[in-house]
Number of protein chains: 2
Amino acid sequence: MSARVVIGLNAVVTALEGGDPHVLCVRREEGWGLPYGAFDPARHRTFELGMRDFVTGQTALQLGYVEQLYTFGDEGREAPLASFRGGEASDRVVSVGYLALSPVAGETGRSDAAWRGWYEHFPWEDRRPYARDGLEEAILPALRDWAGGDRARRARLDLAFGLTEPGWQEERALDRYELMYEAGLVPEAARDAGEAAEGLPGTGPAMTSDHRRILATAIGRLRGKLRYRPVIFELVAEEFTLTDLQDAVEAILGFCVHKQNFRRAIEASGLVEKTGAVAARTGGRPAALYRRAPGGPSGVGLTLPRLRREV
Amino acid sequence: MSARVVIGLNAVVTALEGGDPHVLCVRREEGWGLPYGAFDPARHRTFELGMRDFVTGQTALQLGYVEQLYTFGDEGREAPLASFRGGEASDRVVSVGYLALSPVAGETGRSDAAWRGWYEHFPWEDRRPYARDGLEEAILPALRDWAGGDRARRARLDLAFGLTEPGWQEERALDRYELMYEAGLVPEAARDAGEAAEGLPGTGPAMTSDHRRILATAIGRLRGKLRYRPVIFELVAEEFTLTDLQDAVEAILGFCVHKQNFRRAIEASGLVEKTGAVAARTGGRPAALYRRAPGGPSGVGLTLPRLRREV
DNA sequence: ACTAGATATACTCTAGTTGAGCAATACCCT
DNA sequence: AGGGTATTGCTCAACTAGAGTATATCTAGT
């Protein structure tokens, strides 16, 4: 009989909190990881139902928008999970990653669960001016070192980090992480090689197993999706000001957009309508409150007016 | 002990032949289906390796570009496959779909395998003027019937088939297929309900299991990818004329693009370079031959100059 | 009450992109 | 030589996206 296969479900549950995207994490001996549940075909008709079930079972959260990310089946990735629920050492653990969005980073209801900021684990993905990552100072030099005279490596580096033509593409988060992994900069690289886990400063703390890879996949996917699906509304409250919306977008994208043009695009898109009320805010002219337009287009994303010159 | 899980691998192997995209299919009692192989964790380190292995094992083809599509785990979908390799009736068959591209629709080396045109199974996806699908005449009226006064259904219909604002979006092939399935128009709908399998004329022949859904996923994914990754070169010969390239693009997209603007975009993209030679062609001015530019950008797709007015 | 500071909102300007079409060119065939 | 056919070069207008300027409306502080 062939080796058994166990299906694991990993959820990247994301919500905004304090102007930054956060992800629901669980504390294990080896460090922070994504919530994980084994898929039981006897109990669940679909992966998605199984995933919702184990997340709401383990935390007090209700999931809204959910989407499948990728299925990870590489040998070797299961080792850190072998101790889990019914998995035996000889089993192959295949994991189906899901992205789930929630408008609030609510109470998790577990002492070993917590919301962790995306950019704690991916400092280099936050290009907003106030966030100072060590990209230019530490990471890029190390990557250039690693690439050396190798043409292929150089091309991948240029593409992933936007050093040449199309520039920085926010959705290439996975490319960037994998490059850093290959170059041995992130602590996971040493850890998986069985060495003492020491990463380059500024590359963020490791997560268990390949969970940081899954999170990078989620970040890239969500960023890409913003452009052609109105997913951003899954992450904000019912009523919001255009600045709220812009802050949410910028938090996800990791860079700033042009304020006036952003508003112009949003208002022209037909995605939102004014509630009539205004926000009670501190300082400044009060902003009009908006909500999602009921009959608005669902097949349209946001135009994201990039800033070319640095602010 | 919980029910066992078997991982199946499904490959959508696509190549262009005679100006139309084709997919490698295998003949079974129930009809045409995608090549399928069980994943054996003892033998293969990754899904992709397993997939390459079973395809080259079952046919004489070498796969080039490969990408994971989606993992299908719904209960019920395995029934038609229960007879397969080691699968027992009580097992849950989960299938990981892959898309693979090949520049030539070569000999399959199997008598029960054949290349089938995408648009034989998806007539409505070919909007090129010479292809006459029954979309307007038969499918849309039936869908409108099905939607009736239901707002949500109506909105999905408008979006999927581009009846309102953003218009026809070629990458929504899966949305369209699923809508037609729900509306009971495709033969699979009746078949899966246990009734005699009769589909609306013009909805194409069924494929085994949910393989037409997997194919629709592949079509949508590939169409979307054209815009931001130079995948089209995986489908044409080493040397090609710009018209060859355009024909390939139009075949995948299922609609025509503006010739002069297409050339302008391609030439400006830096993706190709002239070989210096010209094509020996029938009739007309001979076209310059191009090849992919070696140092060209890899993170860039094609601008696809849509035709607004019908030709 | 008035002012400074802060934010929201309304417009304008400009360069680049995109959809569209015209016209010239280069080959084959009869 | 001339018709047929396809390639190639070029122009134009409409639209889009990035950027900047100006004005409106609030709070907080004096």
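Chain identifiers are assigned alphabetically (A, B, ...) following the order of the sequence lines, protein sequences preceding nucleic acid strands; residue numbering begins at 1 within each chain.
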Quick check on DNA chain C: between B:V278 and B:L304, whose nearest nucleotide comes earlier from the 5' end? B:L304

Roughly, in whole Å, what's the span from CZ in B:F262 to C1' in C:dA20? 17 Å

Minimum-distance nucleotide (side-chain atoms of B:T303 versus D:dG18, C:dT18, C:dA20): C:dT18

Would you kindly give the CZ-to-C1' distance between B:R285 and D:dT7, to the nearest whole Å? 5 Å

Over how many whole Å does the gap from B:L302 atom CG to C:dT17 atom P extend? 16 Å

D:dT7 OP1/OP2 closer than 4.0 Å to side-chain N/O of B:T241: no

Here the residues of residues 286-294 of chain B within 4.0 Å heavy-atom distance, strictly under, of DNA chain D are B:P286, B:A287, B:A288

Taking for each residue the nucleotide of DNA chain C bearing the nearest heavy atom, is the 5' side occupied by A:K274 or by B:H258? A:K274

Taking atom P of C:dA23 as reference, at what distance in whole Å does atom NZ of B:K259 sit? 19 Å

Please report the closest heavy-atom contact between A:S102 and A:L235, naming both atoms and the distance. O-CD2, 3.7 Å

Quickly work out the A:Q260 CD to C:dT7 C1' distance and round it to whole Å. 12 Å

Selection residues 259-279 of chain B - residue pairs positive for salt bridge (charged side-chain N to carboxylate O under 4.0 Å, His left out), sequence neighbours left out: B:E273-B:R291

Could you tell me which residues satisfy ring pair (Phe, Tyr, Trp, His ring centres under 6.0 Å) with A:Y290, sequence neighbours excluded, listed by chain and number? none

Spacing of B:Q246 atom CD relative to D:dT8 atom P, expressed in whole Å: 12 Å

Taking atom types as they are modelled, would you say the side chain of A:R264 forms a donor-acceptor pair with the base of D:dG18 within the 3.5 Å cutoff? yes

Taking the six-membered ring of A:F122 as reference, does the cationic atom of A:R212 (NZ for Lys, CZ for Arg) lie under 6.0 Å from its centre and within 45° of its axis? yes

Could you state the CD1-C1' distance from B:I266 to D:dT7, rounded to the nearest angstrom? 15 Å

Return the set of residues passing salt bridge (charged side-chain N to carboxylate O under 4.0 Å, His left out) with B:R292 (not counting sequence neighbours), or none when no residue passes. none

Set of residues satisfying side chain to side chain donor-acceptor pair (under 3.5 Å) with respect to B:W124, sequence neighbours excluded: none

According to salt bridge (charged side-chain N to carboxylate O under 4.0 Å, His left out), does anything in residues 228-250 of chain B pair up with another residue at least two apart or in another chain? List the pairs. none

Whole angstroms only, please: what is the CZ-P distance between A:R263 and C:dA10? 7 Å

Using the closest heavy atom to pick a nucleotide of DNA chain D for each, name whichever of B:T243 or B:N261 lands nearer the 5' end. B:T243

